[in-house]
Amino acid sequence: MFRIWGKIFTNNHLIQDMVYENKDPSWNRTKKVFAGVHEFCLAFDLQEPIWLDKNINEFKRIDRTRFTQDNFIETIEFDYLEIHVIEED
């Protein structure tokens with residue numbers, strides 16, 4: 001099973017969170033991550049963030065990244081959205 005945790009923070013306080021699970025072994029890791037981010041954005045009523053080189057490198061290295069205002073076209077009312085892989089097949 002693949003699980004990824006999405007969290008919204010304001011002033012270093014967790015405001016909202018959700019865990020996305022995917023049990024489909026035919027999907028590759030990238031597809032599962034993007035599906036998780038899509039589900040978080042639907043649940044949190046956000047546009048999907050733009051993946052910058054910083055996010056890609058950080059996610060590859062430590063399975064976690066933060067999306068700040070720089071990653072969104074619209075203004076966000078929180079400090080950052082963090083995603084973190086918590087379980088991988």
Side-chain angles (χ1 to χ4, degrees):
M1 177 188 318
F2 178 87
R3 295 187 325 150
I4 189 168
W5 188 10
K7 304 172 270 190
I8 290 181
F9 286 88
T10 300
N11 297 324
N12 290 325
H13 292 235
L14 178 64
I15 304 300
Q16 235 177 333
D17 72 323
M18 174 184 159
V19 174
Y20 169 78
E21 295 181 358
N22 186 304
K23 298 177 184 176
D24 190 344
S26 67
W27 284 25
N28 65 27
R29 183 176 196 252
T30 302
K31 192 170 183 179
K32 291 175 184 179
V33 169
F34 282 122
V37 170
H38 179 75
E39 290 299 317
F40 298 145
C41 291
L42 287 176
F44 301 151
D45 192 27
L46 299 172
Q47 68 173 30
E48 292 197 29
I50 298 166
W51 285 76
L52 303 174
D53 289 340
K54 167 198 162 295
N55 302 105
I56 295 167
N57 294 333
E58 185 176 50
F59 195 76
K60 283 180 183 177
R61 201 167 25 88
I62 59 172
D63 290 337
R64 175 189 307 210
T65 193
R66 290 180 177 177
F67 298 105
T68 60
Q69 180 63 61
D70 293 342
N71 300 93
F72 294 92
I73 295 170
E74 298 174 356
T75 302
I76 57 174
E77 298 182 11
F78 53 88
D79 293 336
Y80 59 88
L81 164 66
E82 180 176 285
I83 62 170
H84 179 203
V85 174
I86 55 177
E87 183 178 347
E88 200 161 358
D89 339 77

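Because only heavy atoms are used, hydrogens play no part in the values below, and waters and symmetry mates are left out as well, while side chains stay in. Residue numbers start at 1 and run along the sequence shown.
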Criterion side-chain contact (heavy atoms from CB on, under 4.5 Å) on I83 and W5, from CA distance to verdict
CA-CA 6 Å; I83 62 170; W5 188 10; over 6 Å; no
When every non-hydrogen atom of M18 is compared with those of A43, the smallest separation belongs to SD-CB, 3.4 Å
Any side-chain heavy-atom pair of V19 and E87 under 4.5 Å
no
When rounded to the nearest 0.5 angstrom, what distance separates NZ in K31 from CG in N22?
9.0 Å
List the atom of P49, the atom of V37, and the distance in Å for their closest heavy-atom pair.
CD-CG1, 3.8 Å
In this structure, would I50 and L42 fall into the same cluster of hydrophobic residues linked by side-chain contacts under 4.5 Å?
no
Please find the pair of heavy atoms, one from K23 and one from M1, that lie closest to each other, and give the distance.
CE-CE, 3.5 Å
From CD (E58) to CG (L52), nearest 0.5 Å:
11.0 Å
With side chains defined as the heavy atoms from C-beta onward, is the minimum distance between I76 and I8 less than 4.5 Å?
no
Below 6.0 angstrom between ring centroids: does that apply to W51 and F59?
yes
Can you name the nearest heavy-atom pair linking F2 to D89, along with the distance?
N-OD2, 3.8 Å
When rounded to the nearest 0.5 angstrom, what is the spacing between CD1 in I15 and NZ in K7?
13.5 Å
For D53, is the CG atom crowded, meaning more than 12 foreign heavy atoms sit under 6.0 Å from it?
no
Rounding to 0.5 Å, atoms OH (Y80) and CG (N71) come to a distance of 13.5 Å
Taking atom CZ of F44 and atom CD of E39, what is their separation to the nearest 0.5 Å?
11.0 Å
For N11 versus D79, what's the shortest heavy-atom pair and its separation?
N-OD2, 2.6 Å
Taking side chain to side chain donor-acceptor pair (under 3.5 Å) as the criterion, tell me which of D70, T65, T68 meets it with N55.
T65
Which heavy atom of A35 sits nearest to which heavy atom of Y20, and what is that distance?
CB-OH, 3.3 Å
Do L81 and I86 land in one hydrophobic cluster if side-chain heavy atoms of ILVMFWY residues count as linked below 4.5 Å?
no
Taking atom CD1 of I73 as the centre, report whether more than 12 heavy atoms of other residues, nucleotides or ligands fall under 6.0 Å from it.
no
Worked check of side-chain contact (heavy atoms from CB on, under 4.5 Å) between E82 and L14:
CA-CA 10 Å; E82 180 176 285; L14 178 64; over 6 Å; no
To the nearest 0.5 Å, how far apart are NZ in K32 and CG in D24?
7.0 Å
